[in-house]
Amino acid sequence: MTSYSSDSDNDFAPKSKLLGRQRPIHSVLGGGRVADILLWRDKRFSAAILIAVAVMWFLFEVVDYTFVTLLCHVSITTMLIVFIWSAGADIFGWTPPSIPKDILQDTTFEDVASILHKKFNNFLSIFHFVACGNDAKLFFLAIISLYILSVFGNYISTLNLLFFGLLCVETLPFLYEKYEEEVDDIAYKLKRQMRKMCRKFNADFLGKIPRGTSKERKQK
């Protein structure tokens, strides 16, 4: 009988944050304007972005708009609204239309570029580490995962994938911050369960594979 008493060695170990995170989620996301938007600190702006993304997806995927056609129609509609507004300003005493000098602050673009730059460099370093074969298990896991993703990619359009990705970016950080303790607890339990399964697999299957000593392997 094989004993799995080691499975519960870490039962009383301190629970770690999701993905080994040490800093608050707001700091991980950059701690600036972008982090405020993703965590819904500015609810109006975050909701406006989410609605705009949903409308764009509806127009492209359901209504079958092309980008050029949609851009032209939006420009025509905007010009008509500005023209009517400008023409009626003198008659009805409205405030004349004006374009704000800064629609978005420069820091917003800097925050986005900084986060993308850090994430891309981090991805390249991990990719290089795995591709060089420094971790054999992670190498084969990455190959299998990418192949499975490529198979599913045949049945998912780029637009749907982009919309789903943006939807996750807009909602998952906010939901995680709101239910952080519950998510960390579930992730911790899943991590423990996966370790138990790996130990059982090693004991029941890999451990029973006969292996010769290093001397015998060299002589062969």
Side-chain angles (χ1 to χ4, degrees), residues 17-89 92-124 126 153 156-187:
K17 297 291 185 180
L18 188 65
L19 301 177
R21 179 175 56 84
Q22 300 295 330
R23 297 179 296 165
I25 187 65
H26 187 269
S27 177
V28 172
L29 294 175
R33 176 69 171 170
V34 176
D36 292 339
I37 294 172
L38 295 180
L39 296 176
W40 289 68
R41 302 288 173 84
D42 188 346
K43 291 183 172 58
R44 291 184 179 179
F45 199 73
S46 300
I49 293 177
L50 186 60
I51 292 172
V53 170
V55 170
M56 293 291 288
W57 173 84
F58 177 80
L59 292 174
F60 285 123
E61 187 68 18
V62 180
V63 185
D64 287 334
Y65 259 109
T66 62
F67 178 76
V68 175
T69 304
L70 178 62
L71 182 63
C72 292
H73 285 183
V74 170
S75 300
I76 291 171
T77 304
T78 304
M79 290 180 67
L80 288 174
I81 292 174
V82 172
F83 173 77
I84 295 172
W85 187 354
S86 179
F92 300 101
W94 297 341
T95 303
S98 60
I99 299 176
K101 295 181 179 179
D102 296 321
I103 298 175
L104 289 177
Q105 297 179 356
D106 294 339
T107 54
T108 302
F109 293 100
E110 292 174 0
D111 290 342
V112 173
S114 176
I115 292 175
L116 292 177
H117 180 261
K118 290 179 181 177
K119 297 297 181 183
F120 184 70
N121 282 341
N122 187 40
F123 170 78
L124 285 182
I126 295 173
I156 302 175
S157 67
T158 304
L159 181 62
N160 285 332
L161 183 62
L162 181 61
F163 171 71
F164 181 74
L166 291 173
L167 185 64
C168 290
V169 169
E170 267 284 295
T171 55
L172 291 183
F174 168 72
L175 294 175
Y176 174 67
E177 186 184 43
K178 189 173 182 180
Y179 303 102
E180 182 175 352
E181 293 184 3
E182 292 84 349
V183 174
D184 286 340
D185 186 59
I186 294 173

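Numbers here are sequence positions counted from 1.
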Roughly how far, to the nearest 0.5 Å, is the [atom2] atom of [Y] from the [atom1] atom of [X]?
| X | Y | atom1 | atom2 | result |
| --- | --- | --- | --- | --- |
| S114 | K118 | OG | NZ | 4.0 Å |
| T66 | L59 | OG1 | CG | 11.0 Å |
| E180 | E182 | CD | CD | 9.5 Å |
| I81 | I76 | CD1 | CD1 | 12.0 Å |
| F60 | L162 | CZ | CG | 10.0 Å |
| N121 | I126 | CG | CD1 | 11.0 Å |

Exercise. Would you mind reporting whether T69 and Y65 have side-chain heavy atoms less than 4.5 Å apart?
Key: yes
Exercise. Determine whether L50 and L167 make a side-chain contact, defined as any pair of heavy atoms from C-beta on separated by less than 4.5 Å.
Key: yes
Self-check item: Ring geometry between W57 and F163 (parallel below 30°, tilted from 30 to 60°, perpendicular above 60°)
Solution: parallel
Quiz item: Between the main-chain N or O of E170 and the side-chain N or O of W40, is there a donor-acceptor pair closer than 3.5 Å?
Solution: yes
Quiz item: Backbone N or O of V82 within a donor-acceptor pair of the S86 side chain at under 3.5 Å?
Solution: no
Practice problem: Mind listing the closest non-hydrogen atom pair of P173 and L39 along with its distance? | Solution: O-CD2, 3.4 Å
Quiz item: How far apart are the closest heavy atoms of W85 and T95, and which atoms are they?
Solution: NE1-O, 2.8 Å
